[in-house]
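All ligand and atom numbering here is 1-based and tracks the order in the structure. Not measured: the values here are computed from a predicted model. Computation of the quantities below employed the complete heavy-atom set of this structure, encompassing side-chain atoms and omitting hydrogens, waters and symmetry-equivalent molecules.
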Amino acid sequence: MTAAALAAALAAVLIAAAGGRAHAGQPPSISPKANYIERCGGCHGVDGRSVAALVPDLKHTAGYFLCDEEARAYVARLPNVAFSQINDADLAAMLNFVVLDLGARDGPPQPGAAAPRPYTAAEVGRLRRTALTIPDLKAYRQRIVGRLVARCAAPDRLLTDYQGPPTPSP
Ligand code: HEC
């Protein structure tokens, strides 16, 4: 190999190595689904179902939260979501996996219904800054899901399954 060829080969290796380290210092980017499983699956279940009385099911129900502005904001403002240790873009991608894929309604789309609008990184970034810190999250949720059942054809189980945190025994 000539010196010039050697230099060229070395340069190619260095460029490849630099490319591989382009995101050094940042956590490796993983898929929205893998992020969900890692950060949310412990409570909500890998496939969006766990113990519905203690943690709401997401499978075929989370998508209904896109029905109105307060409901879509509720999802991004939930403390477990808002304080998740990922950046706005990754969080938006993960939430879109949750509402458009995992939580998509079962069956054909509602006739006349507008296509669901995905979350953007900017929207999630804005919403997570006002994370919900209200003491009675369950009452707040019940009001929202009551509306989703009444106005957005969401299934009744959204209202009936989740019982909230267990009340401490006296
Ligand atoms: C420690 C358990 C826990 C973890 C971790 C958790 N959640 Fe939740 N999640 C809950 C509970 C409990 C609720 C019901 C509202 C409340 O009391 O917080 C909820 C509500 C929700 C809802 C609204 C569904 C409904 O029917 O109210 C969505 C969507 C959701 N979580 C998504 C996520 C995502 C995405 C993550 C991961 C970033 C996550 N959750 C992590 C426990 C958890």
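Nearest to atom 1 (C) of ligand 1 by heavy-atom distance, out of Ala76, Gly103, Cys43, is Cys43. The heavy atom nearest to atom 20 (C) of ligand 1, considering only Ile86, Leu137, Ile37, Leu78, is found in Leu78.
Residue contacts with ligand 1: Arg141 is placed with a nitrogen or oxygen under 3.5 Å of a nitrogen or oxygen of the ligand (distance criterion only). Considering backbone and side-chain N/O atoms, Ser84 never comes within less than 3.5 Å of an N/O atom of ligand 1. Close N/O approach between Tyr74 and ligand 1 is found [any backbone or side-chain N/O within under 3.5 Å]. Checked by distance only, ligand 1 and Tyr36 stay at 3.5 Å or farther apart across all their nitrogen or oxygen atoms.
Among protein heavy atoms, the minimum distance from atom 8 (Fe) of ligand 1 is reached at His44 NE2, 2.0 Å. The nearest heavy-atom contact from the protein to atom 43 (C) of ligand 1 is Asn80 ND2, 3.2 Å. In terms of protein heavy-atom proximity, atom 12 (C) of ligand 1 is nearest to Tyr162 OH, 3.5 Å. Closest protein heavy atom to atom 38 (C) of ligand 1: Cys40 SG, 2.8 Å.
In summary, Lys59 and Asp47 do not engage in a salt bridge, as defined by a charged side-chain N under 4.0 Å from a carboxylate O.
Contact of the Glu38 side chain with the Met94 side chain is not registered, since no non-hydrogen atoms from C-beta on lie closer than 4.5 Å.
Heavy atoms of Leu158 found under 4.0 angstrom from ligand 1 belong exclusively to the side chain. Under 4.0 Å from ligand 1, the heavy atoms of Pro56 that appear belong solely to its side chain. Proximity of Lys138 to ligand 1, defined as any heavy-atom pair under 4.0 Å, is not found for any part of the residue. Within the 4.0 Å heavy-atom criterion, the part of Leu58 lying near ligand 1 is the side chain and not the backbone.
A parallel orientation is assigned to the rings of Tyr74 and Phe65, their planes being inclined by less than 30° (bins at 30° and 60°).
Checking side-chain atoms of Arg77 against main-chain N and O of Thr130 turns up a donor-acceptor pair under 3.5 Å.
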